[in-house]
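A short worksheet on the structure shown next.
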Protein chains: 2
Amino acid sequence: MAATMKDIAKRTGLGLATISSYFNGGNVREKNRVKIEEAIEELHYEVNEVARGLKTNATKTIGVVIPELNNTFCAEIITEMEDVLRSHGYATIVCDCRTDKKLERDAVEFLSRKRVDGIINMPVDTEGTHLKKFQKTGKPIVLIDRKIQDLSCDSVLVDNEKAAEDAMRVFFQAGHRKIGIIGGPEEISTAQERLQGYRSAYEKQNLPIQESLIYHGDYTIQGGVKGLEKLVTDNPDMTAVFVTNYEMTMGAVIGVNELGLKIPEQLSLIGFDNLQFARACNPKLTIVAQPTPGIAREVAGIMLKRLEEGEGEEKERITEKLGAEIITGRSVRVI
Amino acid sequence: MAATMKDIAKRTGLGLATISSYFNGGNVREKNRVKIEEAIEELHYEVNEVARGLKTNATKTIGVVIPELNNTFCAEIITEMEDVLRSHGYATIVCDCRTDKKLERDAVEFLSRKRVDGIINMPVDTEGTHLKKFQKTGKPIVLIDRKIQDLSCDSVLVDNEKAAEDAMRVFFQAGHRKIGIIGGPEEISTAQERLQGYRSAYEKQNLPIQESLIYHGDYTIQGGVKGLEKLVTDNPDMTAVFVTNYEMTMGAVIGVNELGLKIPEQLSLIGFDNLQFARACNPKLTIVAQPTPGIAREVAGIMLKRLEEGEGEEKERITEKLGAEIITGRSVRVI
DNA sequence: ATGAAAGCGCTAACAC
DNA sequence: GTGTTAGCGCTTTCAT
C-alpha cells in the first residue's frame, strides 16, 4: 500500500495537522520541514488526491464533452485547453460522444458522478437538456463554438456569418456568380450561421439564390465527397464551391480528384480550417481559418476564472465572439 | 449540496447498508427497492464516485500519456480506446506531453496522485524512468507503439521493419534505385525500425546504401517539408522518397508542391498513415497504413484484462505485434 | 434482507 | 507552530 500522511506523522513524530499544513503552504518549522521531506522521500509518499477531493469537495478535474475527438478542430482545441488547465493543476477528462445526443447525455452524467469541478462542452444537443441537471450543482459550464439559446452559461463562439460572407466576397470579386455551398447539419448553429452568411452575401449582390446550389452535409469527410459530387452533377454552370468545415473540405478535394476536375480551371474552391492541409493541396487552397488556439485559450481562461470566483452570486454571462481569417491560396480563378 | 446516501436512508427509513447494497447489485426487498428509487428520483441523487474511490481504492479511471494529441495517429487511437474503456465504466484522463520528457514525467506523477487504476503510454522517454515509480504500485501499464527495453510491462506494437521493407519493395519493383527516406527521431524505436526496414531492403537488393538519401526528421509537418527540400537538393538523381509518418508525409507533399515538382513524373512518393489524406492528394498517394483501430482495441483490451485480474502473481507479459498494410495509389512511377 | 458502526486519507476547526 | 479530533460519502464486516 501507498504511504499516507499518518505514516509520515508516525515517522516524524509530528501531528497530522503539521503534515497537512506543510502540503498546503502553511508555516512549518525549518527543522520539521526537513524531517517531513526526508520521510516523504523514504516512504515515496504522494498526496492522495481522491481523499483530498472528498474532503474539499473539489476534484481539480474538468470534464470536456465533444462530438468527435477525431476532428482536427476539436483535437486542436483540446490540446491547447488541456495545456492551460493542467498548468493550473486541473486534469481534464475528455469524452467523445460520437455526435450522438444520447452518448452526450451519458457523458455529462458520467462526469457528474465523477464530481468534476466544471464542464466544457461543444454541444450536439442544441436544446441543452443534457446540461440542465449539472447546472443545478452550481458548477461552471463553458460552451465552445455552439450556443444554446435557453441555457444561461458562458460561451466562446466564432463569427461564422461574417466568416462565410468574407469567403463569398472573395468569389464575387473574382467574378463568380454560380457558387455552391457544402453546408453542415441544419440543426447545428455554426452551420446555420455559415449558411446565413452565404445567403446574405448573395443578397448584398442583389443576386437570386439557387437552392440547387445548397447542399446540407454532415461535417464528415464522406459528406464532403458526396456533397461535391452532387453539386457538380446538379449544376453544370456552377464555377465555385464553398465548403464549411475541415472534414468536408478534405472530402471535397477528394471528390474533385476522383472526378478528375482541375482546380481552379474547372472549379474554384474555398475550404475551411487547417492551414497545413491547404498548403498540401495543389494548388494551395484558399481557406477560412478559425482562431482555434484563441478559442481554446479563451475557454480555458473563462473556466479558470469561474472556478476561482466560486459559486458566488449570479454572475454576468460571458459570450465571447472571435473572428476568422481568410488565408489566400490559388484555388480561386479570376473570371 | 448534492444528496448523499444518508439522505436516502433517512427518506426511506432504511439503513445505509441497504442503500449501498441496492447500488451494488445486492438483494433488496421489492418494496424497499421501490422506495429507494423514489427517493433517488426526488432527491436527484447521484453516486459520488470520489467517495467510492477512496473507500474501494479504485478510481475507475485510466491515465493516458501521449506525445501529441494533435497527431492523427494518437488522436485516432485515443478516440477508439476511450470508447472501449468508457463502455466498461472507465474514464480516461489524457495528458499530452508535447513530446517532452520532463512533461511526460510530470504527467505520470500527476496521474499517480490522482490514483488512476492504470496507465497507457506512448513513451517519449525511451528509458522508461518516468514509469518506474508508478510501476511499484503494482497497477498495470500498457505501452503503445514503442517498446521500452528494461521495463517489464505489456505493449502493443506494429511491425515497423516489415512495413518499411514492404514499401521499399514497391519502389524497387517499379525500377527505382535511388530512394530517399524521411525518417523519425533517432531515439524513437519506431523510427529505428522503419529505418532498419529501409536498410534491409537495400541489402536484400545487394545495393549500396547512400547516407545522403537518409534524412532524420522529427515526425512533424515542418520536419517533412524540410526533409523533402534537403533530400531533393542533395540528391539530384533521387527518383523516389519514402516518408515514415503521417505528419511528415503531409509536410513532404507540401514541399513537393512548393518546389513545383510533379508526382510521380519527377518524384515518386510513398507516405504513411491516413488513407483520407492520401485520397485527397492528386494523384492519390500510395501509403503504408497502420492498423490504428486494431492497436487501440488491443491496448484497451489488455488494460481491461489486467484490471480485472487484479494485482495477482507476476503474469506473463504480453507483447502484441500487428502488421501494417500498403494501400496503393498512383504516386509511384514505373521506370 | 437489513442495521450499526468502523474506517478509507485527507482537511480544517479548535485548543494549546 | 503543532496536536487532537471530527467528518467528507461511501463500502463492508458483523450482528440480527
Side-chain angles (χ1 to χ4, degrees), chain A residues 1-37 39-40 43-61 89 112-117 137-139 310-311, chain B residues 1-37 39-40 43-61 89 112-117 137-139 310-311:
Chain A
M1 268 316 297
T4 71
M5 278 181 32
K6 234 176 181 169
D7 297 324
I8 302 211
K10 273 196 200 121
R11 196 106 168 55
T12 56
L14 296 165
L16 269 180
T18 313
I19 319 292
S20 176
S21 160
Y22 168 84
F23 283 112
N24 294 291
N27 277 334
V28 177
R29 209 168 302 182
E30 184 56 22
K31 209 169 106 186
N32 291 332
R33 129 174 270 107
V34 173
K35 272 210 243 171
I36 295 177
E37 279 163 5
I40 292 176
L43 300 173
H44 300 295
Y45 175 79
E46 265 183 334
V47 173
N48 183 333
E49 300 270 8
V50 178
R52 181 182 274 177
L54 176 60
K55 181 69 197 181
T56 60
N57 200 23
T59 52
K60 288 287 207 169
T61 304
S112 182
R113 283 195 302 275
K114 284 234 166 264
R115 296 296 193 267
V116 294
D117 297 339
T137 64
K139 291 174 178 173
E311 302 173 21
Chain B
M1 267 317 298
T4 71
M5 279 181 30
K6 232 176 181 169
D7 297 325
I8 302 210
K10 273 195 198 121
R11 195 104 169 56
T12 57
L14 296 166
L16 269 181
T18 314
I19 319 292
S20 175
S21 160
Y22 167 85
F23 282 113
N24 295 290
N27 277 333
V28 176
R29 209 169 304 184
E30 184 56 24
K31 210 169 106 186
N32 291 331
R33 129 172 272 107
V34 173
K35 272 210 245 172
I36 294 177
E37 279 164 5
I40 292 175
L43 300 174
H44 300 295
Y45 175 79
E46 266 183 333
V47 173
N48 183 333
E49 301 269 9
V50 178
R52 182 180 275 178
L54 176 60
K55 184 66 198 179
T56 61
N57 200 23
T59 52
K60 288 286 205 172
T61 303
S112 183
R113 283 195 303 275
K114 286 233 164 265
R115 296 298 193 266
V116 294
D117 297 340
T137 64
K139 292 175 177 172
E311 301 173 23

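Owing to the predicted nature of the structure, the values given are computational and were not obtained by experimental measurement. Letters A, B, ... mirror the listed sequences (proteins, then strands); counts begin at 1. Excluded from the calculations below are hydrogen atoms, water molecules and symmetry mates; all remaining heavy atoms, backbone and side chain alike, are included.
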Tell me, do [X] and [Y] make a side-chain contact under 4.5 Å, heavy atoms counted?
X: B/R115; Y: B/K139; answer: yes
X: A/R52; Y: A/K55; answer: no
X: B/I19; Y: B/Y45; answer: no

Which whole-number value in Å describes the distance from [X] [atom1] to [N] [atom2]?
X: B/L14; N: C/dA4; atom1: CG; atom2: C1'; result: 14 Å
X: B/K6; N: D/dT11; atom1: NZ; atom2: P; result: 14 Å
X: B/E30; N: C/dA1; atom1: CD; atom2: C1'; result: 13 Å
X: A/K31; N: D/dT2; atom1: NZ; atom2: C1'; result: 13 Å
X: B/N57; N: D/dC10; atom1: CG; atom2: C1'; result: 13 Å
X: A/R33; N: D/dT2; atom1: CZ; atom2: P; result: 10 Å
X: A/D7; N: C/dC10; atom1: CG; atom2: C1'; result: 13 Å
X: A/I36; N: D/dG1; atom1: CD1; atom2: P; result: 13 Å

Distance check: side-chain N/O of B/T18 vs OP1/OP2 of C/dG3, anything under 4.0 Å?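 Yes, B/T18 has a side-chain N/O under 4.0 Å of OP1/OP2 on C/dG3.
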How far does CG of A/N32 sit from OH of A/Y22, to the nearest 0.5 angstrom? 11.5 Å
For A/V50 versus B/L54, what's the shortest heavy-atom pair and its separation? CG1-N, 3.6 Å
Could you check B/R113 against A/E49 for salt bridge (charged side-chain N to carboxylate O under 4.0 Å, His left out), going step by step and ending with a plain yes or no? CA-CA 6 Å; B/R113 283 195 303 275; A/E49 300 270 8; 3.6 Å; yes
Between B/R29 and B/R115, which has a closest nucleotide on DNA chain C that is more 5'?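 It is B/R29, whose closest nucleotide lies nearer the 5' terminus.
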Shortest side-chain distance from B/L54, nucleotide among C/dA1, D/dC10, C/dC8: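 Of the options given, the side chain of B/L54 lies nearest C/dC8.
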Which part of the nucleic acid, if any, lies within reach of B/V50 when heavy atoms closer than 4.0 Å are counted: base, sugar-phosphate only, or nothing?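 Contact class for B/V50: none.
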Using a 4.0 Å heavy-atom cut-off, does A/Y22 contact any base of the nucleic acid, only the sugar-phosphate backbone, or nothing at all?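 A/Y22: no heavy atom of the nucleic acid under 4.0 Å.
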Cut-off 3.5 Å, no hydrogens considered: what does the side-chain donor-acceptor table look like for residues 2-16 of chain B, sequence neighbours left out?
from: B/T4; atom 1: OG1; to: B/K6; atom 2: N; distance (Å): 3.2
from: B/T4; atom 1: OG1; to: B/D7; atom 2: N; distance (Å): 3.4
from: B/D7; atom 1: OD2; to: B/T4; atom 2: N; distance (Å): 2.8
from: B/R11; atom 1: NH2; to: B/E42; atom 2: OE1; distance (Å): 2.0
from: B/T12; atom 1: OG1; to: B/I8; atom 2: O; distance (Å): 2.7
from: B/T12; atom 1: OG1; to: B/A9; atom 2: O; distance (Å): 3.2
from: B/T12; atom 1: OG1; to: B/L14; atom 2: N; distance (Å): 3.3

Per-nucleotide protein contact string for nucleotides 11-16 of chain C, where B marks a base within reach and S marks sugar-phosphate only (heavy atoms under 4.0 Å, - for neither): BBB---
